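Structure, as structure tokens:
This one's a predicted model, so the numbers in the text were calculated from it and none came from an experiment. Chain A is the first sequence line, chain B the second, and so forth, proteins listed ahead of strands; every chain is numbered from 1.
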Amino acid sequence: MTSKLTISKAINAGLRAAMEHDPKVLVMGEDVGRLGGVFRVTDGLHKDFGADRVIDTPLAESGIVGTAIGMALRGYRPVVEIQFDGFFFPATNQTFTQLAKMRRRSAGKLSVPLVIRIPYGGGIGAVEHHSESPEAYFTHTPGLRVMTIANPEDAYWGIQQAIRSEDPVIFLEPKRRYYEKAEVDTGTAFDDALSMGAARIARPGTDATLLAYGPMIKTALQAAEADTDHSLEVIDLRSLAPVDYPTIVESVKRTGRLVLTHEATLTGGPGAEIAARVTEECFYHLESPVIRVTAFDTPYPQSRLEEHYLPDLDRVLDGVDRAFAY
Amino acid sequence: MTSKLTISKAINAGLRAAMEHDPKVLVMGEDVGRLGGVFRVTDGLHKDFGADRVIDTPLAESGIVGTAIGMALRGYRPVVEIQFDGFFFPATNQTFTQLAKMRRRSAGKLSVPLVIRIPYGGGIGAVEHHSESPEAYFTHTPGLRVMTIANPEDAYWGIQQAIRSEDPVIFLEPKRRYYEKAEVDTGTAFDDALSMGAARIARPGTDATLLAYGPMIKTALQAAEADTDHSLEVIDLRSLAPVDYPTIVESVKRTGRLVLTHEATLTGGPGAEIAARVTEECFYHLESPVIRVTAFDTPYPQSRLEEHYLPDLDRVLDGVDRAFAY
Amino acid sequence: MSDTTAHEEPELIQLLTPEGELTGHPDYPLEISADEVRALYRDLVLVRRVDSEAVSLQRQGELGLWASLLGQEAAQIGSARALTDRDMAFPSYREHGVAWCRGIEPEELLGMFRGVTNGGWDPHEHGLHLYTIVIGSQALHATGYAMGIQRDGAVGEDGSAVIAYFGDGATSQGDTNEAFNFAAVDNAPVVFFCQNNQWAISEPQGRQSRAPIYRRAAGYGFPGMRVDGNDVLACLAVTRAALTNAREGNGPTLVEAFTYRMGAHTTNDDPSRYRASAELDEWKAKDPILRVRRYLENNGLADDAFFASVDEEAERIGEQVRTQCRALPDPEPLEIFDEVYAEPNVHIDQQRSEFAEYLASFEGAGAEGGR
Amino acid sequence: MSDTTAHEEPELIQLLTPEGELTGHPDYPLEISADEVRALYRDLVLVRRVDSEAVSLQRQGELGLWASLLGQEAAQIGSARALTDRDMAFPSYREHGVAWCRGIEPEELLGMFRGVTNGGWDPHEHGLHLYTIVIGSQALHATGYAMGIQRDGAVGEDGSAVIAYFGDGATSQGDTNEAFNFAAVDNAPVVFFCQNNQWAISEPQGRQSRAPIYRRAAGYGFPGMRVDGNDVLACLAVTRAALTNAREGNGPTLVEAFTYRMGAHTTNDDPSRYRASAELDEWKAKDPILRVRRYLENNGLADDAFFASVDEEAERIGEQVRTQCRALPDPEPLEIFDEVYAEPNVHIDQQRSEFAEYLASFEGAGAEGGR
Ligand SMILES: Cc1ncc(C[n+]2csc(CCOP(=O)(O)OP(=O)(O)O)c2C)c(N)n1
Ligand SMILES: Cc1ncc(C[n+]2csc(CCOP(=O)(O)OP(=O)(O)O)c2C)c(N)n1
Ligand SMILES: [Mg+2]
Ligand SMILES: [Mg+2]
């Protein structure tokens with residue numbers, strides 16, 4: 001059974017499937033109830049599952065994650081929505097010192113199967129704090145899994161896999177791509193869906209590897225299309241922690257070049273680790289250093305500057321050119 | 001005028017000098033007053049400068065950083081103490097969304113000259129949350145300067161430079177080295193002290209560059225001493241953001257090898273960026289990939305395991321060997 | 001079980017009824033001239049006009065977003081007119097009425113919503129901090145600023161005070177409550193002014209707090225009261241008393257202005273999804289402007305010419321808002337790198353110059369991005 | 001200015017005076033047998049002994065740290081003995097008396113302080129969550145757990161409840177206040193039990209809060225009361241009432257147990273730097289154990305043989321604590337990599353096997369690290 005869904009509707013359908021599958025699954029956050037979330041990702045769930053399972057919480061992110069941890073300890077599987085990336089930070093303590101460490105602290109006696117959904121990234125013309133790409137804070141925190149999605153299929157299955165995981169998952173949703181549409185095969189059995197742990201070769205190629213995730217996949221594919229001089233292999237990372245290095249390393253060893261791109265700022269962004277690690281593993285195969293095409297090391301600017309701030313098609317192509325200049 | 005001081009006493013002396021130099025300098029935090037801080041770094045300041053300038057705050061890190069921002073906006077220069085690294089996280093929102101962005105948000109009309117002092121790192125046999133190395137969260141956050149120290153001289157001058165900076169500074173103090181002693185020349189004029197912006201070649205060498213900072217400098221120097229097969233150049237990074245790349249790159253181009261070490265976890269630690277960047281800048285000079293010797297990607301373990309978790313002399317030497325194996 | 005929660009109906013401090021009758025209040029005597037009331041009326045009308053103009057500009061694509069103050073004019077004008085030049089205000093993001101009173105030009109106000117700036121005005125010059133979007137954060141800044149005032153010795157006669165604005169939703173946030181506590185413990189000269197407009201986006205007040213908000217204060221050891229937030233005179237009188245109290249060194253107060261968000265949360269929001277229109281009708285009867293007009297009319301304190309002149313002025317300001325908004329220049333690309341740091345930063349400088357070079361590489365190639 | 005802060009001296013709920021006189025309290029009638037009082041006495045004495053033994057073990061280098069409960073035995077035993085098996089407790093890090101009541105063995109308790117584990121017991125088995133060090137965090141977990149109980153339909157007859165323990169200092173933390181608010185808004189079955197031991201390390205209670213702590217509750221819309229924290233009967237009665245109330249679906253309560261930290265903050269601390277010894281003397285007169293003993297003696301409810309047998313048992317337990325502590329095995333190096341994730345994680349597996357190889361490389365080379 002396939003249907004054409006936007007990413008946002010696909011997450012919604014995935015949430016619904018998870019809630020139907022397991023009565024312990026809860027949704028909670030600011031405005032997720034009657035309103036269905038500011039992006040309507042939880043649309044209809046309040047009506048169908050009731051206020052006990054779709055909880056409009058007080059406006060307090062630490063409280064949301066902290067109480068969700070408590071509910072998870074009681075046996076629930078809460079799916080928390082943080083309204084925008086920039087509003088995650090009040091929840092940092094609960095996420096980093098409690099959520100990420102609870103299993104290890106308890107030597108495995110406690111599981112906290114909690115999903116934190118965060119619409120992230122820029123490009124929507126918003127005011128401050130609505131366009132952040134905080135993924136590197138999460139990927140540097142042991143104990144968290146970090147997933148992101150780039151298409152409705154991954155949206156639908158990814159959220160369900162995140163919810164069934166016994167580990168806490170940060171589920172990053174590329175907000176400027178919420179309305180991208182594609183076919184989703186909702187008929188597949190859950191176990192047959194491609195695991196979000198694996199990276200996906202979104203487009204095979206031979207001359208250089210172009211690595212991206214989330215909102216930048218679309219741009220990366222456009223770049224591969226636009227670059228008629230080279231055959232670019234595009235990899236969609238999907239899982240930011242842990243990273244599927246075998247897939248990346250195999251590709252880079254074939255192509256000899258890696259260009260990677262993300263909206264997060266350069267310094268200490270997810271690309272730094274990937275560049276360092278791939279260089280270690282492919283030292284004798286790399287014909288150029290890993291080239292990173294990212295946002296600049298400045299706070300996200302006022303929206304009239306974001307087209308310059310965010311890596312776009314031209315900057316990705318420029319990065320590819322730089323890689324081939326070696 | 002030189003005196004033999006421990007790192008903790010040197011910071012204390014630096015704070016005192018700053019408070020004497022500028023009546024707008026305030027110290028605030030939990031137990032920084034009568035007790036003089038749990039590490040006694042603010043010892044005696046409450047007695048000599050009074051409760052208005054040395055403020056025992058309520059137990060609330062967000063409140064501490066948030067009110068300190070307000071005081072800075074009123075023209076003060078607060079030096080905030082976070083009692084232990086693991087207790088910084090409640091202050092993340094104020095630090096990342098407010099402190100780091102205020103200048104940029106106001107297009108330069110507002111300055112927030114705030115210093116957040118954090119005793120950091122492990123090796124003191126403590127219970128959970130008292131041994132964290134959160135530096136990468138800060139270095140990934142545009143708008144913050146991040147400094148750390150490895151000796152009493154830098155402690156004394158570094159804290160003063162941090163306080164005089166118009167930018168917010170995260171000042172990381174290697175707590176397991178608090179009681180290391182050395183001569184400090186407190187007679188130098190402020191302007192003549194080596195700027196904390198520059199990395200320091202702590203020991204010159206020719207065969208490989210060994211980069212470290214804070215608590216790992218002592219270990220790095222021991223490694224350079226112990227490795228009789230190679231001449232290792234030890235660089236003390238000092239400023240983690242921004243990083244003094246010219247000094248590092250110059251060294252690596254000479255030696256052809258870079259081994260770096262930190263207590264922070266590997267994935268997305270400060271070393272990831274340095275490795276990525278140095279590889280870009282020294283691509284044709286590197287005879288081996290950048291080797292990182294760090295803590296593992298797990299939560300900081302119970303203290304009886306920390307000797308295995310933290311990079312030590314042997315692991316650093318092993319890293320050097322790995323670099324030379326290429 | 002001894003229950004310390006008082007469950008009586010909270011008192012609503014009101015001086016001017018919706019019908020325009022000036023009742024006054026024994027605890028908050030307000031000496032006010034007809035001139036002053038007319039000035040308040042003018043403020044109310046003009047900020048409503050600035051606001052509605054901004055809503056239109058957003059619809060026309062000139063602004064990316066707008067957060068309307070519709071319905072909250074009295075709370076903002078009343079409280080802000082109680083401030084002196086020596087005071088400092090810390091707004092949230094909806095305080096256009098406060099900005100008006102602090103002398104902010106529409107162009108400075110609109111910049112952030114148009115996306116040409118993240119700030120807009122000089123906080124020191126206007127005694128108004130920048131808008132703060134992360135809910136609750138500014139309550140701590142305000143408290144710290146007030147702690148600075150204390151340390152300057154600027155309490156007592158001719159003292160200064162701080163006012164912190166936030167919404168009902170913000171009272172759930174840890175930062176707001178930490179601010180209450182820091183202010184109480186330090187007896188800081190700060191007035192916490194909560195505009196309880198009954199909604200935090202789609203969540204009604206009952207999802208944020210079980211007790212009336214003003215009662216929170218007593219738990220932290222300072223006074224709190226609820227004022228009719230649609231009554232500009234009550235807001236003025238109560239805020240003035242609280243500020244005076246703060247300036248004189250008697251510490252913080254929480255003022256809950258009971259009002260209503262008559263519009264959408266922002267131009268992105270669709271309130272029909274979560275609230276009944278009957279509620280809006282109820283509050284329309286309590287309109288903050290109407291009652292002042294009735295008072296002025298009923299007591300012969302203003303004639304048609306006055307009302308006409310205010311309306312004309314509103315027209316002119318509407319025009320000004322439109323013109324200034326459209327004239328706001330886009331920032332230059334390289335401004336991305338400005339004012340990240342005060343101190344020289346080679347790292348940022350390098351990214352700036354690399355990007356400048358990159359941009360230059362398109363020049364001559366026709367349109368930017370014209371690869 | 002109308003001041004909603006009540007400034008009367010707060011009532012301290014007491015059932016048993018320091019002199020051992022059972023006064024009772026009209027609101028908290030307590031039916032208690034002599035057997036039960038003797039059992040409480042035994043609890044108090046034994047946990048004090050476990051505690052003092054742990055302090056010695058720390059001095060001998062067997063523990064890295066210890067946080068003594070000295071002086072807080074009654075608050076902990078009284079409140080924890082009000083719990084049933086169906087209830088769940090969320091402790092801070094000083095609740096050794098609570099752990100005792102929940103059946104935690106000394107070896108499980110000491111592991112964290114010796115550094116052989118970060119946890120120690122199975123929270124599900126004991127109805128006691130792990131110690132939480134980051135101040136305030138567990139108040140939210142407790143509230144969420146209570147929200148889960150609600151959703152399980154486990155309120156009402158034979159209902160379950162949650163108790164959250166924290167200190168006076170913790171009441172300043174945003175998380176604690178957010179927990180109050182979430183619990184109030186959701187009417188969650190949770191009792192917030194604050195041991196106000198007058199100090200947060202070196203900071204006296206006045207630096208944390210201007211109002212008596214129990215008053216905080218009213219501001220959030222639920223009851224709060226102050227109980228004599230050195231009176232085990234009062235703590236039992238008040239906590240029992242609050243728990244019953246919660247279990248029956250009537251929502252949260254804040255119990256402030258007014259007590260005193262008679263020892264140092266932890267074995268790392270030196271209280272002589274910040275507090276006068278006279279204060280300690282004052283509180284010694286209110287010792288939580290002494291008054292129970294007096295009550296038992298004065299009323300002929302226990303004889304010398306009883307007291308001697310408790311003392312003997314204390315000796316045995318002291319011995320047990322010493323033995324179990326010294327016998328705690330050090331963890332194996334490769335445990336570093338255990339239980340970071342539930343799901344298989346190749347990344348962690350790789351680091352584990354690389355480190356295993358690295359460790360193996362020292363074998364045969366004599367002592368580890370013997371390069
Ligand atoms: C920390 C944080 N979380 C979430 C948001 C998103 N958000 C913006 S306004 C708002 C509701 C605020 O309600 P209230 O405090 O009552 O103020 P009002 O908008 O009604 O004036 C929310 C949830 C935010 N800005 N900051
Ligand atoms: C978030 C956080 N900040 C700081 C600390 C360091 N610290 C440990 S105990 C303590 C004082 C706690 O006082 P209180 O809540 O009264 O509990 P008590 O120790 O008196 O039982 C502090 C500041 C911490 N553990 N967590
Ligand atoms: Mg509101
Ligand atoms: Mg205490």
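D/Phe182 contributes atom CZ, which lies 9.0 Å from atom CZ of C/Arg207 (distance to the nearest 0.5 angstrom). Distance check, rounded to the nearest 0.5 Å: OG of D/Ser172 to OH of C/Tyr220 gives 9.0 Å. In this structure, C/Gln173 CD and D/Glu178 CD are separated by 5.5 Å, a value rounded to the nearest 0.5 Å.
Closest heavy-atom contact between C/Gly219 and D/Ala211: O-CB, 3.6 Å.
D/Asn181 places a side-chain N or O within donor-acceptor distance of the main-chain N or O of C/Gln208, the cut-off being under 3.5 Å.
Heavy atoms closer than 4.5 Å to chain D are found in the side chain of C/Asp186, but not in its backbone.
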